[in-house]
There are 2 protein chains.
Amino acid sequence: MQLDEPDRRILRVIQERPGLTMRELGAATGLSHSPCWRRLQRLQQAGIVSEKRYIVDPEAAGFEIVVFCFLRMAEHRRDRLAAFEAAVERVPEVLQCYSLSGEHDYLLQVVARSVRDYEQTVKNALLELPDVQSINTSFTLKRIKDSRVIPV
Amino acid sequence: MQLDEPDRRILRVIQERPGLTMRELGAATGLSHSPCWRRLQRLQQAGIVSEKRYIVDPEAAGFEIVVFCFLRMAEHRRDRLAAFEAAVERVPEVLQCYSLSGEHDYLLQVVARSVRDYEQTVKNALLELPDVQSINTSFTLKRIKDSRVIPV
DNA sequence: CAGAAAGGTCAAAAAGAGTGACCTTGTTTC
DNA sequence: GAAACAAGGTCACTCTTTTTGACCTTTCTG
């Protein structure tokens, strides 16, 4: 879907100032509430904008440990990787998983309540994932930024 | 803030099923809407839960390129790092930034509309950040998972 | 057991979302 | 240039939810 300027303005405002009413959003983007609402609907149907939701802060919720880990796979056959990816999806402690170009196959962001818990997750969930050859963990010391604001 | 079981149930349900009304949320967590609402308020005031907001999908919004990059710093004095972190905060293409233990100092997630744009971001924004010594980029090939659901 | 803390119920006000009808304006197409 | 469209604007209104307040009941706790 092609975004025009009003669409981008809407995207900017809903990201920077959630909690505006449709009328306020319209005012902030130079539209009135009706067409503004119609556009937002369209953006949602196009999958560009999610439904409105709450975000839970891992740290505040007691998940003090955030790690990134790099996986290398033993097999690189398409069906094996698909199996791995489906399995990763089901591990709740894994928040993000991207496949990478370069020397590592996957990058995972994993949260845990403690180092001990992380250890358990690695042993019980991650190493059990199909075809994982090696796991290289980097602990995060500090979250400097964790934004979901796309600079549209 | 210490979370009890009803709190955790609320956190689980609002993450798994956004869009429930307060009454439905209450029903799903075994509370009635009033106390449920009061708890959710408390969780928000405690910073555990954000206000309700839309999430924009980078890919759907035209940001096809998602990269992770690893930075190494020239200086490790406290005030220099603070300056760097404040500067990173202001680069809109950087969605995430964590400081890491181990051989790299920082991990950044950066989005861009194209490889060419990414190149620009690196040259104009990232390399301009104070004390950056080296940048090591890993392009992502595929997003397997990008969840914000904390397994409370 | 007394009090405090939290939940339940009810009722109601206020706010916002979501619609629909219809008019106006700017553009594109013949 | 006229007709046909595509969008936006305005209005009026309905319906849901949220948000509150009052008050009673149940559960813990010291």
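This one's a predicted model, so the numbers in the text were calculated from it and none came from an experiment.
Nearest-nucleotide positions on DNA chain D place A:Ser34 closer to the 5' end than the other of A:Ser34 and B:Trp37.
Rounded to whole Å, the distance from CE on B:Met22 to P on C:dG7 is 14 Å. Atom C1' of nucleotide C:dA17 and atom CD of A:Gln41 are separated by 10 Å, given to the nearest angstrom. Whole-Å rounding puts the A:Asp7 CG to D:dA6 C1' distance at 14 Å. Atom CG in A:Leu31 sits roughly 16 Å away from atom C1' in C:dT24 (whole-Å rounding). Per the geometry, CD1 belonging to A:Ile10 stands 12 Å off C1' belonging to D:dG8, to the nearest Å. Here D:dT27 presents its C1' atom at 17 Å from CD of B:Glu5, a figure rounded to the nearest Å. In this entry the distance linking CZ of B:Arg42 with C1' of D:dT19 reads 17 Å, nearest Å. We find that CG of A:Leu25 is positioned 13 Å from P of D:dG8, with the value rounded to whole Å.
Closest contact between the side chain of A:His33 and the listed nucleotides D:dG9, D:dC11, D:dT19 involves D:dC11. Picking from C:dT9, D:dG8, D:dT19 the nucleotide with the shortest atom distance to the side chain of A:Pro35 gives D:dG8.
Ring orientation note: the planes of A:Tyr98 and B:Phe68 are nearly perpendicular, at an angle over 60° on the 30°/60° scale.
A donor-acceptor contact closer than 3.5 angstrom is absent between the side chains of B:Tyr54 and A:Gln44. Between the side chains of A:Asp105 and A:His76, at least one donor N or O lies within less than 3.5 Å of an accepting N or O.
Remark: B:Arg38 is not in phosphate contact with D:dT20, judged by side-chain N or O atoms under 4.0 Å from OP1 or OP2. In terms of phosphate contacts, A:Arg23 brings no side-chain nitrogen or oxygen within less than 4.0 Å of OP1 or OP2 of C:dA15.
A salt bridge links A:Arg143 and A:Asp57; the closest N-O separation between the charged side-chain nitrogens and carboxylate oxygens is under 4.0 Å. Using a cutoff of 4.0 Å between basic side-chain nitrogens and carboxylate oxygens, B:Arg77 and B:Asp131 are not scored as salt-bridged.
Using a 4.0 Å heavy-atom criterion, one finds that A:Gly30 contacts the sugar-phosphate atoms exclusively. The residue A:Thr21 sits close only to the backbone: its heavy atoms come under 4.0 Å of sugar-phosphate atoms, none of a base.
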